[in-house]
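Taking it in order: structure first as structure tokens, then the write-up.
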Number of protein chains: 2
Amino acid sequence: MVNELCETTIIDKKSVEAIKKAMIERGTADRLAETFKALGDPTRIKIIYALSKKRLCVCDLSATLGMSQSAVSHQLRILRNLKLVKFEKKGKSVYYSLDDDHILSMFEKCVEHVNEQKER
Amino acid sequence: MVNELCETTIIDKKSVEAIKKAMIERGTADRLAETFKALGDPTRIKIIYALSKKRLCVCDLSATLGMSQSAVSHQLRILRNLKLVKFEKKGKSVYYSLDDDHILSMFEKCVEHVNEQKER
DNA sequence: TGAACATATGAACAATTGTTCATATGAGAT
DNA sequence: ATCTCATATGAACAATTGTTCATATGTTCA
């Protein structure tokens, strides 16, 4: 075994073993982390918010956020790669929208959490 | 006005203006992003997952994840700062648990999203 | 009081990130 | 074809990140 750490004491060995056994796999953890990370930037949060209101092309999204087309396009790629947004080509334009309902749910849960923190 | 970008064409001016007006504030976007970012790391994902199973002290969490106490403690601070986890001192130990139900909801929605992507 | 233990934290480092600038691609219009 | 427009992408850079190592804090027990 490689992962044996002798460093720390274990207080509740039973629980540790049980949770260790049930632990999510490396790949799953990575994928979840990547997905959250993709939402972990103010620019991309604004993009998600804007797209939750309406399907938008890149140039209108740039105008909405007051950011360069390049910056927005780079960020869209990240969201695209993690399937957080989907897109449709229409002539010269490319229209983006949220990929599925989970995205908006996560967004809303996060808003609730943040608002609840404020109230305390 | 400072934020005038002349660079891009606007296709749907009405929508752009409407969404611009309804856009979330800078502070809110930052806070949301920070919260998502805090979840955007495999180590912290595993911590959240472990704590969703059971309240755990730092040393048991270290053992569960097979990581150093220091590394876990640093990550816990990030989760603590964003109120994603709460803690309780008990003798020499400090027990951590998820702060509220939104955290687990977000986690679960993300799992659903990731699983749905796999199926496609 | 002092020793042992659980946790937190500061400094340091490589690795990753978000933006800008310049340029490429690819579609529609002339 | 050529020109223009909408979008994508590569390179470069400062800024931020996660871990390790060393050390500090604070609690319990003798």
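Atom set for the values below is all heavy atoms of this structure, side chains included, hydrogens, waters and symmetry mates excluded.
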Report all side-chain donor-acceptor pairs from residues 81-93 of chain A shorter than 3.5 Å, counting only partners two or more places apart or in another chain.
{"unit_1": "N81(A)", "atom_1": "ND2", "unit_2": "R77(A)", "atom_2": "O", "d": "3.4"}
{"unit_1": "E88(A)", "atom_1": "OE1", "unit_2": "R55(A)", "atom_2": "NH1", "d": "2.8"}

Given atom [atom1] of [X] and atom [atom2] of [N], what is their separation to the nearest angstrom?
X	N	atom1	atom2	result
E34(B)	dT17(D)	CD	C1'	14 Å
K89(B)	dA8(C)	NZ	P	7 Å
F36(A)	dT17(D)	CZ	P	18 Å
L65(A)	dT19(C)	CG	C1'	14 Å
I10(A)	dC5(C)	CD1	P	15 Å
E88(B)	dT7(C)	CD	P	13 Å
I11(A)	dT28(D)	CD1	C1'	12 Å
D60(A)	dT7(D)	CG	C1'	13 Å

Under 4.0 Å, heavy atom to any atom of DNA chain D: which of residues 72-87 of chain B qualify?
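Of all residues in residues 72-87 of chain B, the ones placing a heavy atom under 4.0 Å from DNA chain D are H74(B), Q75(B), I78(B).
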In residues 92-99 of chain A, which ones come under 4.0 Å of DNA chain D, going by heavy atoms?
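Residues of residues 92-99 of chain A under 4.0 Å from DNA chain D: K92(A), S93(A), V94(A), Y96(A).
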Between [X] (side chain only) and [Y] (backbone N and O only), is there a donor and an acceptor less than 3.5 Å apart?
X	Y	value
R44(A)	A33(B)	no
Y49(A)	I19(B)	no
S73(A)	S70(A)	no

Decide yes or no for L76(B) and L61(B): does some side-chain heavy atom of the first lie under 4.5 Å from some side-chain heavy atom of the second?
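Yes - at least one pair of side-chain heavy atoms lies under 4.5 Å apart.
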Close side-chain approach of F107(B) to I103(B), heavy-atom, < 4.5 Å:
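A side-chain contact is absent here, since even the closest heavy-atom pair is not under 4.5 Å.
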Would you say the side chain of S70(B) and the base of dC21(D) hold a donor-acceptor pair, judged only by whether the two atoms sit under 3.5 Å apart?
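Under the 3.5 Å cut-off, the side chain and the base do form a donor-acceptor pair.
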Test for a donor-acceptor pair under 3.5 Å between the base of dA6(C) and the side chain of Q69(B), counting only N and O atoms.
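Absent.
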Under 4.0 Å: is that the gap between some side-chain N or O of S68(B) and OP1 or OP2 of dC21(D)?
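It does not, given that no N or O in the side chain of S68(B) lies less than 4.0 Å from OP1 or OP2 of dC21(D).
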Going by side-chain hydrogen bond (donor to acceptor under 3.5 Å, both in side chains), H102(B) matches just one of E112(A), K109(A), Q117(A). Which one?
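Testing each of E112(A), K109(A), Q117(A) against H102(B), the sole residue satisfying side-chain hydrogen bond (donor to acceptor under 3.5 Å, both in side chains) is E112(A).
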Let's go through I78(B) and Q75(B) carefully: what are the C-alpha distance in whole Å and the side-chain angles of both, what is the deciding distance for side chain to side chain contact (heavy atoms under 4.5 Å, CB included) to 0.1 Å, and is it a yes or a no?
CA-CA 5 Å; I78(B) 293 172; Q75(B) 300 305 340; 3.7 Å; yes
Give the minimum heavy-atom separation between [X] and [Y], together with the two atoms involved.
X	Y	result
A50(B)	M23(A)	CB-CE, 4.2 Å
A38(A)	L79(A)	O-CD2, 3.8 Å
L39(B)	I48(B)	CD2-CG1, 3.9 Å

Show me the pairs that pass side-chain hydrogen bond (donor to acceptor under 3.5 Å, both in side chains) and involve residues 24-33 of chain A, at least two apart or across chains.
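Of all non-adjacent pairs touching residues 24-33 of chain A, those that pass side-chain hydrogen bond (donor to acceptor under 3.5 Å, both in side chains) are R26(A)-D30(A).
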Bend angle of the helix from dT1(C)-dA30(D) to dT30(C)-dA1(D) from five-pair axes at both ends, rounded to 10°?
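Answer for the end axes of this duplex: 30°.
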Pull out every residue in residues 41-59 of chain A that has a heavy atom closer than 4.0 Å to any atom of DNA chain C, ordered by number, or say none.
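D41(A), T43(A), R44(A), in order of number.
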With a non-hydrogen cut-off below 4.0 angstrom, is K37(B) in contact with a base, only sugar-phosphate, or nothing?
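The answer is sugar-phosphate, as K37(B) gets under 4.0 Å only of primed atoms, P, OP1 or OP2.
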Give the C-alpha distance, both sets of side-chain angles, the deciding distance and a yes or no for salt bridge (charged side-chain N to carboxylate O under 4.0 Å, His left out) between K54(B) and D12(A).
CA-CA 11 Å; K54(B) 199 166 195 300; D12(A) 182 354; 3.4 Å; yes
Neighbour count above 12 (heavy atom, 6.0 Å) for D101(B) CG
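For D101(B), atom CG is not crowded (no more than 12 foreign heavy atoms under 6.0 Å).
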